[in-house]
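Just so it is clear, the values below take in all heavy atoms, side chains as well, and ignore hydrogens, waters and symmetry mates. Sequence lines set the chain letters: A, B, ... in the order given, protein chains first and strands last, and positions in each chain run from 1.
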Amino acid sequence: MLPEGVRVTASCAIYLFDALQYMVLIVVDICCIVLCRGAFKIRGASNSIFALDDIQAAKGVVTHSSGNHAAAVALAAKLRGIPAYIVIPENAPACKVENVNRYGGQVIWSDVTMESRESTAKKVQEETGAILIHPFNDKYTISGQGTVCLELLEQVPEIDTIIVPISGGGLISGVALAAKGINPSIRVLAAEPKGADDSAQSKAAGRIIKLPATNTIADGLRAFLGDLTWPVVRDLVDDVIVVDDNAIVDAMKMCYETLKVAVEPSGAIGLAAALSDEFKESSVWHESSKIGIIVSGGNVDLRVLWESLCK
Amino acid sequence: MGSRDDDGQNAEGQGYAADINSIREAQARIAPYVHKTPILSSTSINAIAGKQLFFKCECFQKAGAFKIRGASNSIFALDDIQAAKGVVTHSSGNHAAAVALAAKLRGIPAYIVIPENAPACKVENVNRYGGQVIWSDVTMESRESTAKKVQEETGAILIHPFNDKYTISSGQGTVCLELLEQVPEIDTIIVPISGGGLISGVALAAKGINPSIRVLAAEPKGADDSAQSKAAGRIIKLPATNTIADGLRAFLGDLTWPVVRDLVDDVIVVDDNAIVDAMKMCYETLKVAVEPSGAIGLAAALSDEFKESSVWHESSKIGII
């Protein structure tokens, strides 16, 4: 799982959110926040990279990512001692690009569309022979992300519902497979931004829907489902709660002021979903008692945060 | 646990107002009311500091700060007769909320004297925990006299923010018990200093467990009364304070001073710019929202003053509250 020599100084910290009227337990993936400048992505990246044999690994790894996966791949590659080629879309947050540089990854810029990210990565792969570490549509990545759920259920075995941010579906696939593998009655809900609600549309349509464009402050949640993540989302995710950007910013503010934790918009969306009317009016809400929320990442540019909070 | 003896006097030459035993007793008393907070560390920050830093994150504590430790130890050590009339205190912030919360948990009234310039979020916390707010002027004299008046009118027990043996022995020292359980090989601890309650408890606990642990205070330049006191060999109070670290404006008391005088190895003084830089680093690297008073330990660890000291050369694993 996590490679040797990487020290986890605190496992997931669970805080009872006293302010709410129902029991909400927030999983702050603190070990990953400390480990890899800010997100759970190191789990999947290190699982993938350390599962490679030496021959595969020798030519290095390549990926395309709007942020946290990029840094995670750079860090895991550095720990393994192999090169990392990171394709980053032009609109990625500065702090996330900075993380890649700090971990020694080589940055290759692409346009903001998914097609450009994918074709640029493919080109790099052809030129270098590097292995593609997909941000989410890969069994090792999914399995790595799922470890956050193993920890959550060890720490709070009586969790009955888990709310997870959704983008490409890697995290929620891992969590859903882990959760229902341990306790099939656990409900797994996705939290998605209104301006990137492709997963909600996909579930409604019964097939993968991709959007022509996305528009949300949650920069980490702009990807679409893949052929490995879609079946899990289709079958094991009980519902998708869609929230708008204002609700996300309010949730960030609450995390900051009440939990004292710096989360990025994509990381606060689970709380936004838990507080939403849509959730409170659902049947799941009535049946839930102990809700785990994956607070997935903490990388947000201070200026962006300040401007959001000032609006 | 027995009722409190409330004379609050520190008899000369009879040892300090707390010890490792009273701190362990406190740990048992307050356990139902406080979080055991996590330790965070960062390889990036360690690279900048040149040492291994371990952050004991009391910003995640109930009511947002370590103060609940001392407040709950005081309030839950009262017998029912003492507790019935409620509790009163004066505080620029976090102690106020802590007393309000602990009183609410005990089911007794809390009268909280707050100076006019206290941060809005700290006043809000008091309201949320059901404390009754009584405003005073910003000077220490006004805070103290207003609290005394409330005490006379209501019969409530005064829960001092720091100069009280239960406050410092208990809660505050328990943070050090946890720190050393979590990271036993700590050799140095840096603690923010205001009235001295936290650092007294930490120093008594630390040196009670391992006398070779060094304890250093971190103080704002605009409120450097502790540094001046140690240099002068007696309590120095300043005519005014001027720092962004709103939680660090109090002066030493007669119970905290002997501990600071004898068991705190040095005081590192930092200016407000360094404090703000440290806050930014906490936010961006540790992802933790800390107040200025909470970030000052990191500011001290990164300061030139610290790096040029002999302690720095001997330290390897530094705990920062």
Distance check, rounded to the nearest 0.5 Å: A:E257 atom CD versus B:C121 atom SG?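 Those atoms lie 8.0 Å apart.
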Hey, could you give me the OG1/CG distance between A:T258 and B:N125, rounded to the nearest 0.5 Å?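 Reported to 0.5 Å precision, the distance equals 8.5 Å.
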Tell me whether B:K307 at atom NZ has more than 12 heavy atoms from other residues, nucleotides or ligands lying less than 6.0 Å away.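 Above 12, so yes.
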Can you name the nearest heavy-atom pair linking A:K260 to B:C59, along with the distance?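 Closest heavy-atom pair between A:K260 and B:C59: CG-O, 3.0 Å.
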Can you see which heavy atom on B:F60 is nearest to which on A:V261, and at what distance?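 Minimum heavy-atom contact is CE2-CG2, 3.4 Å.
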